[in-house]
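Sequential numbering from 1 along the given sequence is applied to the chain's residues. All ligand and atom numbering here is 1-based and tracks the order in the structure. These numbers come from a predicted model, not from an experiment.
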Amino acid sequence: MSTTAILLAAGSGVRMGAGMPKALLPLAGRPMLMWSVDALAASDVVDEVVLVVPRGHLRETQMALGRAGSGARVVSGGASRAESVTRGLGTVPDDVERVVVHDAARPLLTPALVRSVIEALQGFDGAIAAAPVSDTLKRQGDDLAIAETVDRTGLWAAQTPQVFWTEVLRRAVARAQAAGSLALATDCASLVEAAGGTVRLVPAAAQNLKVTTPTDLERAEWLLGRADDALPEC
Ligand code: C5P
């Protein structure tokens, strides 16, 4: 069964404050997005990668990919994450059955996690990496006063990779576009859920962190430095 991965790297990285796209920042000696490109390739279940990068950074990305990314297609992204997904999805051939969407901002992706979400897709419309929420949750009121404590029972934090049957994701995106709500979606599962689809949670290791701030970058660098001996295989 054929599978295409859409690797999202078109964010501007404003919260990182580096003055360049976050996914192209050096991380443990190479551009951040390369860690995900390699993990997707090493999973042995992804046939091709579509890399979605900021407008004006296509050539730079192609050069960063070098020979390692010779099989990857590079396209420019949109103004929101969901619009970048739509652009990537638009290049996926009709005969591709499954599509994996992954944020390049999660460079600690492992091949085992890619395989786990793909295996979990059977019998569902989608499957996503996620982690049970461990913090106590508060809803903010006026002047940062706590309005309420939210029961965290059964709550999970969504991560990527997220995998869907290609046609299911295409229909969910088209539905959100027609409703004018596409740009509001912060992940793809929410689009499929809104269209009535069933999406399964796949427990992921806490190491699959999202790099947002310079501190996250340092943490990712440290974790990658000890990946050979200490990271669990998921
Ligand atoms: O901004 P945030 O960190 O939530 O973005 C999650 C992922 O989506 C990142 O990998 C980022 O590069 C990507 N993204 C994108 N196009 C956008 C905004 C974000 O591909 N317009």
Side-chain angles (χ1 to χ4, degrees), residues 4-28 30-40 46 49-58 60-62 64-65 69 72-92 99-110 113-114 117 126 128-131 156-164 169 172-173 176-177 180-192 204 206-221 223-224:
T4 293
I6 298 173
L7 182 58
L8 295 173
S12 56
V14 170
R15 286 165 293 183
M16 184 64 74
M20 67 182 285
K22 182 168 66 182
L24 292 170
L25 282 177
L27 171 65
R30 54 219 295 255
M32 187 189 303
L33 57 84
M34 287 307 299
W35 294 98
S36 297
V37 169
D38 284 358
L40 290 164
V46 169
V49 176
V50 178
L51 198 43
V52 189
V53 302
R55 201 177 291 276
H57 289 272
L58 266 78
E60 188 184 348
T61 309
Q62 260 144 358
L65 285 168
R73 256 177 301 131
V74 185
V75 300
S76 61
S80 68
R81 183 189 186 278
E83 282 156 342
S84 292
V85 171
T86 308
R87 283 170 183 259
L89 199 54
T91 74
V92 176
V99 63
V100 178
V101 181
H102 182 64
D103 291 346
R106 293 190 188 272
L108 281 117
L109 176 68
T110 63
L113 184 57
V114 179
V117 287
I128 70 165
W156 291 65
Q159 303 179 358
T160 65
Q162 303 195 343
V163 59
F164 307 92
L169 186 57
V173 165
Q177 269 174 329
S181 57
L182 183 69
L184 303 176
T186 51
D187 79 344
C188 295
S190 57
L191 298 170
V192 172
Q207 280 91 344
N208 186 33
L209 62 87
K210 183 168 166 199
V211 175
T212 305
T213 65
T215 309
D216 299 330
L217 195 64
E218 277 172 26
R219 209 168 139 226
E221 184 128 4
L223 285 165
L224 283 167

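The shortest non-hydrogen separation linking Arg30 to Asp38 is NH2-OD2, 2.6 Å. Across Ser84 and Gly78, no two heavy atoms sit closer than the pair OG-N, 3.0 Å.
To the nearest 0.5 Å, atoms OG (Ser181) and CG (Leu191) are separated by 7.5 Å.
Heavy atoms of Arg106 found under 4.0 angstrom from ligand 1: none, in either backbone or side chain. Contacts between Ala79 and ligand 1 below 4.0 angstrom, taking non-hydrogen atoms only, involve the backbone exclusively. Under 4.0 angstrom from ligand 1, there are no non-hydrogen atoms of Met16.
Leu8 places a side-chain heavy atom less than 4.5 Å from the side chain of Ile6.
Of the residues listed (Asp187, Leu109, Thr160), the one engaging Asp103 in a side chain to side chain contact (heavy atoms under 4.5 Å, CB included) is Thr160, and it is the only one.
When hydrogens are left out, the protein atom nearest atom 12 (O) of ligand 1 is Gly11 N, 2.9 Å; that is the closest non-hydrogen contact. Nearest non-hydrogen protein atom to atom 20 (O) of ligand 1 is Ala10 N, 2.9 Å. The closest protein non-hydrogen atom to atom 8 (O) of ligand 1 is Arg81 CG, 3.6 Å. Of all protein heavy atoms, the one lying nearest to atom 16 (N) of ligand 1 is Ser84 OG, 2.7 Å.
Interface atoms of ligand 1 facing Ala104, defined by a heavy-atom separation under 4.0 Å, are 10 (O).
Using a 4.0 Å cutoff on heavy atoms, Ser80 counts as a contact of ligand 1. Residue contact check for ligand 1: Glu83 places no non-hydrogen atom closer than 4.0 Å to it. Heavy atoms of Lys210 approach ligand 1 to within less than 4.0 angstrom.
Under a 3.5 Å cut-off, the side chain of Arg87 and the backbone N or O of Val75 do not form any donor-acceptor pair. Checked by atom type and distance alone, the side chain of Gln162 pairs as donor or acceptor with a backbone atom of Ala189 at under 3.5 Å.
Checked by distance only, ligand 1 and Gly78 come closer than 3.5 Å through their nitrogen or oxygen atoms.
One finds no salt bridge joining Lys22 and Asp216 here, because no Lys/Arg side-chain nitrogen approaches an Asp/Glu carboxylate oxygen to under 4.0 Å.
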